[in-house]
Undergrad: 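Just passing along the structure, written as C-alpha cells.
These values consider heavy atoms only, across backbone and side chains, with no hydrogens, waters or symmetry-generated copies.
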Amino acid sequence: MLALVAGCAGAPPPVVTPAHEAWARQQWSDHSPGELAAGRDRFQVQCARCHRPPAPSLLSAEEWPAEVAEMGVLGEIAAQELRVIERYLVAVTSAAPTP
C-alpha cells in the first residue's frame, strides 16, 4: 500500500475508450454502458478523499482487485462503488485503447 500511495500521480486517469468498453462487454455479462466512465469518476472522487488517485498503470489488472478491496475497507466505500472502480481499473489496464 505504501508504494501505491507513493506512486500517486497528479495526471487525470485515462478516459474510457471504445476499446475499453468492448473489452468490458466481453468480460462481464452484466456490464452496462457508462459503467466504466462512472468507475473513473468514482475512482477520482473516492481516492481523493485520502490521497491523489494513483496512475492505473501503477498496478496490473490482476493486482487491482486486491488493492481496491483493501482501500475499500480503509475508506469505508460501498460495495457498488468498489465494483465500478475495480472494473474501470481492470479494463483500462487490460484493454489496449484505440489511438
Undergrad: Do you know which two heavy atoms are closest between Ala91 and His20, and how far apart they sit?
TA: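 Ala91 and His20 have their closest heavy atoms at O-CD2, 3.6 Å.
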Undergrad: Between Pro54 and Cys47, is there a side-chain heavy-atom distance shorter than 4.5 Å?
TA: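 In contact.
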Undergrad: Taking all non-hydrogen atoms of both residues, which atom of Ile77 and which atom of Met71 are closest, and how far apart?
TA: CD1-O, 4.1 Å
Undergrad: Parallel, tilted or perpendicular: which fits the ring planes of Trp64 and Phe43, with parallel below 30° and perpendicular above 60°?
TA: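 Geometry flag for Phe43 against Trp64: perpendicular rings.
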Undergrad: Does Leu82 belong to the same Ile/Leu/Val/Met/Phe/Trp/Tyr cluster as Tyr88, with side-chain heavy atoms less than 4.5 Å apart forming each link?
TA: yes
Undergrad: Could you go through Gln44 and Asp41, starting from their C-alpha distance and side-chain angles, then the distance that decides it, and tell me whether this counts as side-chain contact (heavy atoms from CB on, under 4.5 Å)?
TA: CA-CA 5 Å; Gln44 292 180 96; Asp41 292 344; 4.2 Å; yes
Undergrad: Mind checking whether Arg40 and Pro12 have side chains closer than 4.5 Å, heavy atoms only?
TA: yes
Undergrad: If you look at every heavy atom in Leu59 and Thr93, which pair is closest and at what distance?
TA: O-CG2, 3.8 Å
Undergrad: State which residues pass side-chain contact (heavy atoms from CB on, under 4.5 Å) with Ser60; sequence neighbours excluded, sorted by chain then number.
TA: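 Partners of Ser60 under the side-chain contact (heavy atoms from CB on, under 4.5 Å) test: Glu62, Glu63.
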Undergrad: Hey, what do you get for CD1 (Ile85) to CD (Gln80), rounding to the nearest 0.5 Å?
TA: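 Here the rounded value is 10.5 Å.
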Undergrad: I'd like to check Pro18 versus Trp23 (side-chain heavy atoms, cut-off strictly below 4.5 Å). Are they in contact?
TA: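 Pro18 vs Trp23: side chains apart.
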Undergrad: Please table the atom pairs, donor to acceptor, closer than 3.5 Å between any side-chain atom in residues 29-38 and protein atoms at least two apart or in another chain.
TA:
residue	atom	partner	partner atom	Å
Asp30	OD1	Arg87	NH1	3.1
Asp30	OD1	Arg87	NH2	3.0
Asp30	OD2	Arg83	NH2	2.9
His31	ND1	Glu35	OE1	2.8
His31	NE2	Glu21	OE1	2.6
Glu35	OE1	Arg87	NH1	3.4
Glu35	OE2	Arg83	NH2	3.2
Glu35	OE2	Arg87	NH1	3.4

Undergrad: Taking all heavy atoms of Ala61 and all of Val90, pick out the closest pair and write down the distance.
TA: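 Result for this residue pair: O-CG2, 3.7 Å.
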